[in-house]
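Here is the structure we will look at, set down as structure tokens.
FYI, side chains are in, hydrogens and waters are out, and symmetry mates aren't considered; it's all heavy atoms of this structure. By convention in this document, chain letters (A, B, ...) are assigned in the order of the sequence lines, proteins followed by strands, and residues within each chain are numbered from 1. Model, not experiment: these values are computed from the prediction.
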There are 2 protein chains.
Amino acid sequence: MTIQDAGAARPAGRPRSEKAEKAILEATLDLIGEGMGISELSIEAIAARAGVGKTTIYRRWSNKEDLVVDALATLKAPVPPLAGESVRDDLVTLLDQMRDESGHVRTKCVMNIALSESDRYPHLFEKFRKIAIEPRRAAMRQVLERGMASGELRSTLEIELAMAILTGTMVWFTKWGDTSDRGPELAEGIVDQVLAGIAP
Amino acid sequence: MTIQDAGAARPAGRPRSEKAEKAILEATLDLIGEGMGISELSIEAIAARAGVGKTTIYRRWSNKEDLVVDALATLKAPVPPLAGESVRDDLVTLLDQMRDESGHVRTKCVMNIALSESDRYPHLFEKFRKIAIEPRRAAMRQVLERGMASGELRSTLEIELAMAILTGTMVWFTKWGDTSDRGPELAEGIVDQVLAGIAP
DNA sequence: CCGATACGCAACGGTCCCGTTTCGTAAGGA
DNA sequence: TCCTTACGAAACGGGACCGTTGCGTATCGG
């Protein structure tokens with residue numbers, strides 16, 4: 001206090017390694033992406049994968065859940081740019097992005113957590129929903145509302161239901177669908193079918 | 001061989017306790033239904049829950065996966081009786097059964113396995129798909145085909161896609177949907193929306 | 001240079017579960 | 001009765017992680 005107290009307010013001693021921190025979060029996401037459940041995730045395994053001592057992890061996070069939360073927080077939800085001309089095309093873009101990402105390791109993190117551990121780690125899931133789910137939901141909701149205003153969609157549409165149909169269907173396909181029909185035309189097929197309905 | 005070899009061909013010694021076997025399978029399903037993942041499931045915990053010695057389990061199953069397979073095999077997929085008059089009503093019946101079951105413990109077994117461990121235990125998942133998924137799929141497929149023949153549905157309908165839409169949407173709702181709209185009318189809402197399409 | 005803190009590493013005692021073995025007892029057939 | 005197998009319970013040595021501690025070294029501010 002006598003000398004200076006500039007914004008940084010750096011504590012004495014060697015500063016924590018940002019590289020180590022990054023490696024830890026990276027390793028955590030990698031292990032989750034490889035199909036490891038949260039409960040099987042061990043600090044020792046993370047430390048080994050990150051090339052880091054266990055101490056370095058415990059110094060930063062007091063428990064596993066906090067670490068996983070921070071790791072998930074580094075995941076962005078890259079909502080694709082939407083042309084904004086046709087509601088149908090924008091929906092296809094949104095769904096196709098889901099399909100496209102379903103092959104990525106990081107997306108598997110997301111899916112594994114969301115699908116399996118949502119009720120066992122509610123706090124974690126809540127955090128995760130905010131950063132990964134809500135942005136996409138908001139984008140889709142906006143498109144649907146635009147469609148209702150423009151007349152491209154029924155004005156009486158229940159938005160929540162429509163979102164569940166579109167999202168649920170794509171998730172179902174990426175998880176259990178035949179791998180052969182995973183092309184970009186899958187999103188088109190879903191959207192067109194949902195738009196038109198299956199009744200004649 | 002010298003004496004008799006009747007159908008039973010009972011081996012010498014005390015016969016295995018059917019009660020113990022049942023208790024083991026029951027305990028296994030209970031633990032899974034309580035949210036325990038396959039990998040966290042321990043033989044010791046199963047034995048304790050079933051009130052049985054570990055020996056009794058190891059005598060019957062050489063590994064955990066075999067035990068879980070047998071446990072899942074005891075789960076029926078009770079396809080509800082379908083009125084068979086209206087395709088729309090039959091689809092509602094099928095979906096509503098999914099919603100109704102989603103609260104049961106045994107159904108949570110099913111969901112937990114299917115959602116989280118499908119790629120980590122493919123052999124197990126395959127067995128499980130046969131006994132729990134396929135019967136429902138077959139029933140729904142039959143209804144859809146009937147609808148296409150009767151003209152209640154488009155004759156050009158892609159059946160796989162339609163099934164994914166209906167099933168995926170209901171699964172999505174049971175897992176993440178607002179609990180307030182979980183009434184029996186949810187199935188009606190989904191089916192009607194999918195039938196009519198969301199476009200005007 | 002000095003004090004403080006972080007680093008990677010190795011080791012600790014403790015807990016949980018593994019799969020096996022041993023025990024005394026129970027329940028069938030010959 | 002005798003033989004065989006199954007039973008529940010307890011104990012075994014072994015392995016994986018836990019969260020903590022101590023070590024020698026590295027990196028900051030003063």
Side-chain angles (χ1 to χ4, degrees), chain A residues 1-28 30-32 34-68 70 117 120-121, chain B residues 1-28 30-32 34-68 70 117 120-121:
Chain A
M1 197 65 93
T2 38
I3 312 298
Q4 74 167 16
D5 201 46
R10 156 130 52 168
R14 177 176 174 176
R16 295 189 177 174
S17 159
E18 207 154 320
K19 208 178 79 181
E21 188 145 337
K22 209 167 175 178
I24 294 168
L25 295 173
E26 203 78 11
T28 304
D30 280 355
L31 290 173
I32 295 176
E34 287 169 14
M36 193 158 293
I38 301 297
S39 54
E40 309 164 66
L41 206 58
S42 77
I43 300 289
E44 300 217 346
I46 295 172
R49 173 70 66 104
V52 144
K54 282 197 290 178
T55 348
T56 307
I57 296 185
Y58 283 115
R59 192 176 293 118
R60 290 170 164 76
W61 295 277
S62 59
N63 63 67
K64 194 167 59 181
E65 193 167 327
D66 288 350
L67 166 56
V68 174
D70 280 4
E117 331 249 13
R120 239 182 313 173
Y121 301 86
Chain B
M1 198 63 92
T2 37
I3 311 298
Q4 75 168 17
D5 201 47
R10 156 129 53 168
R14 176 176 174 175
R16 295 191 177 172
S17 161
E18 207 154 322
K19 206 178 79 182
E21 188 145 338
K22 210 167 177 179
I24 293 167
L25 296 173
E26 204 77 12
T28 304
D30 280 355
L31 291 173
I32 295 177
E34 287 170 13
M36 194 158 292
I38 302 296
S39 54
E40 310 163 65
L41 206 59
S42 77
I43 301 289
E44 300 216 347
I46 295 172
R49 172 71 65 104
V52 145
K54 282 197 291 178
T55 353
T56 307
I57 296 184
Y58 284 115
R59 191 176 294 116
R60 291 169 164 77
W61 296 278
S62 58
N63 63 67
K64 194 167 58 181
E65 192 167 327
D66 288 350
L67 166 55
V68 174
D70 280 4
E117 332 249 11
R120 237 180 316 171
Y121 300 87

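In this model, the phosphate group of C:dG19 is not approached by any side-chain N or O of B:Arg59 to a distance below 4.0 Å at OP1 or OP2. Using a 4.0 Å cut-off, no side-chain N or O of B:Thr56 falls inside it from OP1 or OP2 of D:dA6.
Heavy atoms only, all atoms of each residue included: A:Ala50 and A:Ala23 are closest at CB-O, 3.5 Å. B:Ile38 and B:Lys64 get closest at one heavy-atom pair: O-NZ, 3.1 Å. Heavy atoms only, all atoms of each residue included: B:Trp61 and B:Ile24 are closest at CZ3-CG2, 3.7 Å. Annotation for A:Leu41 and A:Thr28: closest pair CD2-CG2, 4.0 Å, computed over non-hydrogen atoms. Residues B:Ile46 and B:Ala27 come closest through the heavy atom pair O-CB, 3.9 Å. The two residues A:Ser39 and A:Arg120 come nearest to each other via the heavy atoms OG-NH1, 3.9 Å.
With rounding to whole Å, A:Ile46 atom CD1 is found 15 Å from D:dA16 atom C1'. Rounded to whole Å, atom P of C:dC17 lies 11 Å from atom CG of B:Leu31. One can place CG of B:Asn63 at 18 Å from P of C:dC17, the figure rounded to the nearest angstrom. Between the OH atom of B:Tyr58 and the C1' atom of D:dA9 there is a distance of 15 Å, rounded to whole Å. In this structure, CD of A:Glu18 is placed 11 Å from P of C:dC7, rounded to the nearest angstrom. Regarding B:Lys19, its NZ atom lies at a distance of 12 Å from the C1' atom of D:dG8, rounded to whole Å. Rounded to whole angstrom, the span from the CD1 atom of B:Ile57 across to the C1' atom of D:dA6 amounts to 14 Å.
A distance of 11.0 Å separates CZ of B:Arg60 from CG of B:Leu67, quoted to the nearest 0.5 Å. Rounding to the nearest 0.5 angstrom, the gap separating the CG atom in B:Leu31 from the CZ atom in B:Arg49 is 4.5 Å. In this structure, A:Lys54 NZ and A:Ile43 CD1 are separated by 9.0 Å, a value rounded to the nearest 0.5 Å.
Of the candidates C:dT20, C:dA6, D:dG19, C:dA6 carries the atom nearest the A:Arg14 side chain, counting heavy atoms from C-beta on. Comparing D:dC7, C:dG28, D:dC18 by their closest approach to the side chain of B:Ala20 singles out D:dC7. With distances taken from any side-chain atom of A:Lys54 to the nucleotides C:dG8, C:dT20, C:dA11, the minimum falls on C:dA11.
For DNA chain D, the residues of residues 35-45 of chain A within the heavy-atom distance limit of 4.0 Å (strictly under) are A:Ser42, A:Ile43, A:Glu44, sorted by number.
Remark on the helix from C:dC1-D:dG30 to C:dA30-D:dT1: inter-end axis angle 10°, axes from five-pair C1' superpositions, rounded to 10°.
Where B:Lys64 and A:Arg16 each meet DNA chain C at their nearest nucleotide, the meeting point lying more 5' is that of A:Arg16. When each of B:Ala12 and B:Thr55 is assigned the nucleotide of DNA chain D with its nearest heavy atom, B:Ala12 is the one assigned upstream, toward the 5' end.
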